[in-house]
Amino acid sequence: MKIVIVGGVAGGASAAARIRRLDEFAEILLFERGEEVSYANCGLPYVIGGVITEEEELFLQTPDSFWTRFRVQVRVHSEVTEIDRKKKRVRVRNLATGQDYEETYDKLVLSPGAEAFLPPVEGIGLPGVLTLRSVADLRRIRRMLKEKKGSRVLVVGGGFIGLEAAENLKLAGMDVTVLEGASQIFPPFDEEMAGILKKEMNENGIPVILDAPVKRIKEGESDYEVVYGSGQEIRCDWILMAAGVRPESRLAREAGLEGNGRGGIVVDSYLRTSDKEIYAVGDAIEVKNQITGQASMLPLAGPANRQGRIAGANAAGAEPEEFSGVIGTSVAKIFGLTAACTGLNERTLKKEGIPYQKVYLSPLSHAGYYPGGEPVTMKLLFSPAGRVLGCQCAGREGVDKRIDVIAAIIKKEGTVSDLANLELCYAPPYSSAKDPVNYAGFLAENVISGRSPIRHWEELREETEESRILLDVRTREEYEEGHLGGSIHIPLDELRERIQEIPEEKEIWIYCQVGLRGYLAQRILMQRRKQKVFNISGGYRLLQVTGREEV
């Protein structure tokens, strides 16, 4: 059997290695347009900042090592330009010589990946406009860093690559500004959680300008002028475009394979295209979201590697394996913060019309009596019946492991009660006897059961002063450092003795710093008063991030 693979990196290289493990005698031929067949493109930003000192550390396999270990024939600088499905042939161009030739195949695996999206604006092709998608891009950026030391860099885009590149450009000594066309950075997060990341960027000397789509780029005598938003201007020495990616599906489209409206290649659960002899994996394919059941695009390395493994097995003729779909689990480092999420965010739930509830919490990353504990801010989304739908988390310690646990629960269609009842490892340096994951489950159970009716940060301005009372149950020192306007202040430990100070004719909205003391006050008042009592989820700490502390 002869299996041809188009594209290396995550999906194609994984497919090639799996085929060989399952079939020692198959002829495997992998074409890669670039110079490197298998490298960690997620590590590219960290070479810019010197965190990874040598770019060679990103290379996982070379053509020689692939042949030596797996007997896979790799041809770099080789672009597949055409697929003849009827004759089961591909046309290949040797980019070094310009020569065209053909190769036959029995099975074909497409792993073309995605390319950087460049918005169709004036000046986008100027020499000072760079992208970061490949090793070749990295080398261009490193040359720019040498030529223009300490220069002003404008990073366009506040997603994964934009934020990671901005951080590392700052580490490299650049003066960095981030320009984001949307109303928030980091699209997997919701607005209020993304505010935590924006604050971290600002505190590390990187201004973030929101609602600022690029309109025009003009080259001056020694720098560039970028016009954005409603006509505002900013000057810089060069620009890094990180405005997202789009699938490289031209080859598949021209071969007549089924695609979707976003340029993605349509595959079935076995990763077969509309031609059952051709498989496709990675950033270019359409995948099923396991929660919604809807088709989506998810350009992440984890799913691409798993897809390559499955497609390789199926192309090799092994027992058929299915790709179960994605839930969207991701993580990013933003200076001292870790930002991670899994499942659906609130925007998507609203868009899809899926009923949901949410809670916020900020427990410490480990036991409070052990030094070094850091707040872990979490947003948990769940159905009214309790199925876990998504979670977002930001903090300086222990974020990724909490999201990984919740991702496993979502993958198995678990509930908030599953979170509450998980048995997780505990020692004071690592966690608390009740882990933050357990606490998230406890809070959600209390909301569903009606033991803790809640209100949220965005509802504060929707209610009039006449309809509710704001009750601050924090300490005097906390209250004096900042509080919601018009709130009554009664510390939690004085509440029972001073309960008569709270008017009885209105709803009571309680807040503390993060929500726990508010819940304790709520339980006291719900049993002693007949009026409605709500706890403001996330407390004053979340209100500060969203700007609602001035209400």
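We're numbering straight along the sequence, starting at 1. Not measured: the values here are computed from a predicted model.
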Q | Lys/Arg N to Asp/Glu carboxylate O, Arg152 vs Asp223, below 4.0 Å | A | yes

Q) Any salt bridge between Lys148 and Asp237, counting N to O under 4.0 Å? A) no

Q: May I ask you to decide whether Glu102 forms a salt bridge with Arg89, counting only side-chain N to carboxylate O separations under 4.0 Å?
A: yes

Q. Any ion pair linking Arg18 and Glu321 (charged N to carboxylate O, less than 4.0 Å)?
A. yes

(Q) For residues 299-318, which residue pairs pass the side chain to side chain donor-acceptor pair (under 3.5 Å) check, not counting sequence neighbours? (A) Ser14-Asn305

Q) Looking at Lys412 and Asp418, does any basic side-chain N land under 4.0 Å from a carboxylate oxygen? A) no

Q: Before accepting this row, confirm whether a basic side-chain N of the pair Arg71/Glu24 lies closer than 4.0 Å to the acidic partner's carboxylate O.
A: no

Q: Using a strict cut-off of less than 4.0 Å between a Lys/Arg side-chain nitrogen and an Asp/Glu carboxylate oxygen, indicate whether Glu346 and Lys358 qualify as a salt bridge.
A: yes

Q: State whether Arg140 and Asp137 are salt-bridged, where the test is any N-O pair (Lys NZ or Arg NE/NH1/NH2 against Asp/Glu carboxylate O) under 4.0 Å.
A: yes

(Q) Strictly below 4.0 Å, N to O, side chains only: are Arg33 and Glu248 in salt-bridge contact? (A) yes

Q | Salt bridge flag under 4.0 Å for residues Glu147 and Arg143 | A | no

Q) Does the pair Phe160 and Phe186 meet the rule for a ring pair (Phe, Tyr, Trp, His ring centres under 6.0 Å), with working shown? A) CA-CA 7 Å; Phe160 286 96; Phe186 205 64; 5.0 Å; yes

Q: Using the side chain to side chain contact (heavy atoms under 4.5 Å, CB included) rule, pick out the option among Leu197, Leu163, Asn204 that qualifies with Phe335.
A: Asn204

Q. Does a side-chain N-to-carboxylate-O contact under 4.0 Å join Arg402 and Asp435?
A. yes

Q. Can you list every salt bridge (Lys or Arg N to Asp or Glu O under 4.0 Å) pair that touches residues 36-50, not counting sequence neighbours?
A. Glu36-Arg139

Side-chain polar contacts of residues 213-220 - donor-acceptor pairs under 3.5 angstrom, sequence neighbours left out - could you list them?
none

Q: Determine which pairs satisfy salt bridge (Lys or Arg N to Asp or Glu O under 4.0 Å) with at least one residue from residues 278-299, sequence neighbours left out, and list them in order.
A: Arg133-Asp283

Q) Got a sec, which residues hit salt bridge (Lys or Arg N to Asp or Glu O under 4.0 Å) with Glu192, two or more places apart in sequence or on another chain? A) Lys379

Q: Check whether any side-chain heavy atom of Ile409 lies under 4.5 Å from a side-chain heavy atom of Leu422, and answer yes or no.
A: yes

Q. Can you tell me how far the OG1 atom of Thr273 sits from the CD1 atom of Ile278, to the nearest 0.5 Å?
A. 5.0 Å

Q: Could you go through the side chain to side chain contact (heavy atoms under 4.5 Å, CB included) check for Ser78 and Glu32 one step at a time?
A: CA-CA 6 Å; Ser78 298; Glu32 169 56 46; over 6 Å; no

Could you go through residues 113-123 and list every donor-acceptor pair under 3.5 Å that involves a side-chain atom there, pairing it with any protein atom two or more places apart or in another chain?
residue	atom	partner	partner atom	Å
Glu115	OE2	Arg246	NE	3.1

Q.
Quick check with a 6.0 Å cut-off and a 45 degree axis cone: is Arg69 positioned over the face of Trp67's six-membered ring?
A. no

Q | Basic-acidic side-chain contact under 4.0 Å: Lys2, Glu103 | A | yes

Q: Could you tell me the separation between the CG atom of Leu240 and the CG atom of Leu179, rounded to the nearest 0.5 Å?
A: 12.0 Å

Q) Are more than 12 heavy atoms from other residues, nucleotides or ligands located less than 6.0 Å from atom CZ of Arg21? A) yes

